[in-house]
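Input: a single structure, listed below in structure tokens.
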There are 2 protein chains.
Amino acid sequence: MVRTSKKKKPVSITVSLVEDIDDIREGLADLINGYDEFRCIGSHRTGAEALREIPREKPDVVLMDINLPDLSGIECVRRLKAEYPDLQIMMLTMYEDSEQVFQALAAGASGYLVKRTPPGQLIEALREVHQGGSPMSMQIARMVVDSFHHMGPARDETANLTPREEEILSHLAKGLRYKEIADTLFISVETVRSHLRRIYEKLHVRSRTEAVVKYLRK
Amino acid sequence: MVRTSKKKKPVSITVSLVEDIDDIREGLADLINGYDEFRCIGSHRTGAEALREIPREKPDVVLMDINLPDLSGIECVRRLKAEYPDLQIMMLTMYEDSEQVFQALAAGASGYLVKRTPPGQLIEALREVHQGGSPMSMQIARMVVDSFHHMGPARDETANLTPREEEILSHLAKGLRYKEIADTLFISVETVRSHLRRIYEKLHVRSRTEAVVKYLRK
DNA sequence: CTCACAATCCCCCAAACGTGTGCATTTTTG
DNA sequence: CAAAAATGCACACGTTTGGGGGATTGTGAG
């Protein structure tokens, strides 16, 4: 919408809140409005209300709680993001359960703070998320980073495959049949089969499915 | 940051550097030693040297460049982490290429800063990584968070499967044959086949491999 | 120059798979 | 309750796959 910003506030960042506990919500609004740089233009206590009002408010940033009375904050993020992919949403929640964190990020949240974050850091995080960053509490960031580490330790048996064999395997993993692989690579079905035999040997598997599973797990 | 209380702990955080450019390395050492809280106990120009010396130094935190003359900083991280899983390593590099970021994190890095990070923030990041956080430059954090987002949108077609069908599919995804699935579930091969037929319909696939791929993608 | 190995191709055969058609029990659900 | 879905089973047919033999070329290490 047309935001006829006046001269005195040329660059204030607009924020909308979604939080069911009145005290917290009002505290946040006061905090945010205490900075010239920010303006709290929305305050919602339910997910449904947020879904209805936020499209009208078009805030720069949404501060979203996870535990809402109706739908979860995660679902709320998912729907808002589906409609407005450029909307920046920061989760602000009590818990740091790993499942919730990953689901919230997968739903499209751009930041994730725990509620005990000091006010100053929260403001700094709002600034950051608006600038294209992804502020996270220390523990959250570590969880996220660790998730990359932990998904590697299973030794990669596909490492011994030749480039050609990997190519064949990648097509196999797309569900193509021998004939189809042969056609896309301009080789004969027999060649595909020879490669597959060696691939199975190297991966210690005896069926295409087992091979694909190993391939997708790396 | 308000940690500058009177009862300052006598134990300082030890840091070791791995960086091939002399000026930068020395600048970093000076910066770090400028704080009572930190002590730079190692300074290495190559990955090989780092691999050899760091085990002796046993620093609290390693600051690692990616572009090294011999092996890459990523490989260096991988090997150090394999030997000393509790070692905290922070990447400090010029580039923010997504491939390098993800590979570094997968290798076990706990933080990732770009070199243009102001000195004060670098020191703060060292503090944070030592406290169990994962400091990242703004853009890096956003890339990492986005990687979760882009991973989810594919709607889950397996949702319409009945419990029994999911059970069958899960066994199929382990690479079991019809007969093996039939035996473990105490049903006939024909029943397995009729389930599979319905699963294929629901998932819009026409082979076990395609079905397994869809199954593993959720 | 051997020797190994990747990459290509061929044949045979039996087992496994995908699909069509049909039907009998439960269980779920409108 | 009656309809709909889920679960179980069977037979038939053609296709695909996995495993067993080979063979030929090009390339690169020793």
Side-chain angles (χ1 to χ4, degrees), chain A residues 70-71 75 154-218, chain B residues 47-48 69-72 75 154-218:
Chain A
D70 47 354
L71 70 171
E75 186 53 33
R155 78 188 177 296
D156 187 6
E157 297 181 275
T158 69
N160 308 313
L161 297 182
T162 68
R164 193 55 157 178
E165 286 166 349
E166 269 200 88
E167 198 177 4
I168 306 263
L169 184 52
S170 79
H171 285 107
L172 198 78
K174 288 191 286 202
L176 301 189
R177 298 191 210 82
Y178 288 178
K179 172 118 191 27
E180 295 172 319
I181 297 173
D183 288 349
T184 58
L185 296 182
F186 303 109
I187 56 180
S188 95
V189 175
E190 291 305 321
T191 307
V192 176
R193 277 156 48 71
S194 311
H195 282 302
L196 260 301
R197 252 176 295 166
R198 272 173 234 126
I199 291 173
Y200 287 179
E201 266 183 60
K202 289 184 183 178
L203 300 188
H204 312 295
V205 299
R206 53 193 68 254
S207 77
R208 114 201 244 105
T209 308
E210 287 180 283
V212 167
V213 169
K214 288 215 177 190
Y215 178 75
L216 293 179
R217 289 269 188 243
K218 70 164 188 65
Chain B
D70 49 352
L71 70 170
S72 88
E75 187 53 33
R155 76 189 176 293
D156 186 7
E157 296 181 275
T158 68
N160 308 314
L161 297 183
T162 68
R164 193 57 158 177
E165 286 166 349
E166 267 200 271
E167 200 177 3
I168 306 260
L169 183 52
S170 79
H171 285 107
L172 197 78
K174 289 190 286 199
L176 300 188
R177 303 192 198 99
Y178 288 177
K179 172 122 192 26
E180 295 172 320
I181 297 173
D183 288 348
T184 60
L185 297 181
F186 302 109
I187 55 180
S188 97
V189 175
E190 287 305 320
T191 306
V192 175
R193 275 146 59 75
S194 54
H195 278 300
L196 260 300
R197 192 193 325 253
R198 283 162 211 143
I199 292 172
Y200 288 177
E201 270 181 50
K202 289 185 181 177
L203 300 188
H204 312 295
V205 299
R206 45 193 62 256
S207 77
R208 85 181 8 257
T209 308
E210 286 179 283
V212 167
V213 169
K214 289 216 176 188
Y215 178 74
L216 293 179
R217 288 268 189 246
K218 69 167 189 62

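Please read these numbers as outputs of a predicted model, since none were measured by experiment. Residue numbering restarts at 1 for every chain, and letters A, B, ... go by the order of the sequence lines.
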What's the separation between atom OG1 in B:Thr162 and atom NZ in B:Lys202, rounded to the nearest 0.5 Å?
5.0 Å
Expressed in angstrom and rounded to an integer, what is the separation of A:Ile181 atom CD1 from D:dT16 atom C1'?
12 Å
Could you tell me the separation between the CG atom of A:Leu203 and the NZ atom of A:Lys214, rounded to the nearest 0.5 Å?
6.5 Å
Any donor-acceptor pair under 3.5 Å linking the side chain of B:His171 with the backbone of B:Glu167?
yes
What is the distance from atom OH of A:Tyr215 to atom NZ of A:Lys174, rounded to the nearest 0.5 Å?
8.5 Å
Taking five pairs at each end of the helix from C:dC1-D:dG30 to C:dG30-D:dC1, what angle separates the two helix axes (nearest 10°)?
60°
For residues 185-201 of chain B, which residues have at least one heavy atom under 4.0 Å from DNA chain D?
B:Ile187, B:Ser188, B:Glu190, B:Thr191, B:Arg193, B:Ser194, B:His195, B:Arg197, B:Arg198
Nearest whole angstrom, please: distance from the C1' of C:dC17 to the CD1 of B:Ile168.
15 Å
What's the verdict on side-chain contact (heavy atoms from CB on, under 4.5 Å) for A:Leu185 and A:Arg164, showing C-alpha distance, side-chain angles and the deciding distance?
CA-CA 10 Å; A:Leu185 296 182; A:Arg164 193 55 157 178; 4.2 Å; yes
Could you tell me how far apart A:Glu180 (CD) and D:dT16 (C1') are, to the nearest whole angstrom?
11 Å
Return no unless some side-chain N or O of A:Arg206 is found under 4.0 Å from OP1 or OP2 of D:dG18.
no
Integer-rounded Å distance: C:dA16 C1' and B:Leu172 CG
12 Å
Is B:Arg198 salt-bridged to B:Glu201, going by a charged N under 4.0 Å from an acidic O?
no
In whole Å, what is the span from the CD atom of A:Glu210 to the C1' atom of C:dC17?
15 Å
What do the steps show when you test A:Ile168 against A:Leu196 for side-chain contact (heavy atoms from CB on, under 4.5 Å), and what is the final call?
CA-CA 8 Å; A:Ile168 306 263; A:Leu196 260 301; 3.2 Å; yes
Validation row: B:Tyr178, B:Arg208 side chains within 4.5 angstrom (heavy atoms):
yes
Among the candidates D:dT17, D:dG8, C:dC17, find the nucleotide nearest to the side-chain atoms of B:Arg164.
D:dG8
In terms of heavy-atom contacts, B:Ser188 and B:Ala182 come closest through C-CB, 3.8 Å
Rounded distance (Å) that lies between atom P of C:dT27 and atom CD of B:Glu165:
17 Å
In whole angstrom, what separates B:Leu176's CG from C:dA16's C1'?
14 Å
Which whole-number value in Å describes the distance from B:Leu169 CG to C:dG18 P?
12 Å
